[in-house]
Amino acid sequence: MCFHYNSLFLERRLVSVWAPVLQLTIIVSQVKPGQITKYSCCFFPFLLQIWDTAGQERFRSVTHAYYRDAHALLLLYDITSKSSFDNIRAWLTEIHEYAQSDVVIMLLGNKADMSSDRAIRRDEGERLAREYSVPFMETSAKTGVNVELAFTAVAKELKHRAVQHPNEPKFQIHEYIEAQKEKSGCCSYF
Ligand SMILES: Nc1nc2c(ncn2[C@@H]2O[C@H](COP(=O)(O)OP(=O)(O)OP(=O)(O)O)[C@@H](O)[C@H]2O)c(=O)[nH]1
């Protein structure tokens, strides 16, 4: 189960990438209008349920219930908005209190296509991620840069946890992301 809060980002991943390739049926239900959307999509042998919650502080009390049992959380901030970046610390504190202790967390700086309006440098995102020992990358829901990678990395981590064989080396999500970024030459997109 994943969670994050950028509708465009999520829909791009689900509708443009997974649905045609994996022939998924995506069930979208608006749990609370304007606040939480639930997407369910089946691909054997996993059921991935993704909850897209509102990021604003005023909805935070409502969202605990949705991420308490989540296996992974994708936290997005907007690289053009300092307040959205500052909000991430509050989310990380909340998550520490309410989420499962082994939850997979990923920090994403979205709107990387808007670097001329950038308010948060990439290294500030990297530093925050290091502080909390979580993987980090910049994404663009508009151009699609790193959207695929963010979801794939989390899905792989969850899959390895679920079906890890004793002799298999542990999946290293940080290493996987760095290797994939290098392969795709990600940063030249920005
Ligand atoms: N240029 C650009 N615009 C984006 C990107 N992601 C989202 N947007 C725009 O930002 C606005 C907000 O997008 P949403 O997907 O509704 O954001 P949200 O975070 O789900 O909003 P909440 O309802 O607060 O959770 C829309 O106008 C999107 O088109 C991006 O990567 N690049």
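Values reported hereafter were calculated over all heavy atoms of this structure, with side chains retained and with hydrogens, waters and symmetry mates removed. Everything numeric in this text was worked out from a predicted model, so none of it was measured.
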Sub-4.5 Å side-chain heavy-atom contact between [X] and [Y]:
| X | Y | value |
| --- | --- | --- |
| I95 | L75 | yes |
| H71 | V104 | no |
| M106 | M137 | yes |

Minimum heavy-atom separation for [X] and [Y], please, with both atom names.
| X | Y | result |
| --- | --- | --- |
| A70 | V103 | O-CG2, 3.6 Å |
| I177 | A153 | CG1-CB, 3.8 Å |
| E138 | A112 | CB-CB, 4.1 Å |
| Y176 | T152 | OH-CG2, 3.5 Å |
| F136 | A129 | CB-CB, 3.4 Å |
| R89 | Y132 | NH1-OH, 3.6 Å |

Practice problem: Return yes if a side-chain donor-acceptor contact under 3.5 Å exists between S84 and D78, otherwise no. | Solution: no
Which value, rounded to the nearest 0.5 Å, describes the distance between [X] atom [atom1] and [Y] atom [atom2]?
| X | Y | atom1 | atom2 | result |
| --- | --- | --- | --- | --- |
| K156 | L149 | NZ | CG | 10.5 Å |
| S81 | K111 | OG | NZ | 8.0 Å |
| T80 | D113 | OG1 | CG | 9.5 Å |
| L92 | L107 | CG | CG | 7.0 Å |
| R118 | E124 | CZ | CD | 9.0 Å |
| L74 | F151 | CG | CZ | 5.5 Å |

Exercise. State plainly whether the residues R161 and E157 are in salt-bridge range, i.e. N to O under 4.0 Å.
Key: yes
Quiz item: Are Y77 and M114 grouped together when hydrophobic residues (ILVMFWY) are joined by side-chain heavy atoms under 4.5 angstrom apart?
Solution: no
Quiz item: When clusters are formed by joining ILVMFWY residues with side-chain heavy atoms under 4.5 Å apart, either directly or through shared neighbours, do Y98 and I88 land in the same one?
Solution: yes
Quiz item: Where do L73 and W91 land on the side-chain contact (heavy atoms from CB on, under 4.5 Å) test, with the steps shown first?
Solution: CA-CA 10 Å; L73 306 174; W91 275 104; over 6 Å; no
Quiz prompt | H96 atom NE2, over 12 foreign heavy atoms within 6.0 Å | solution = no
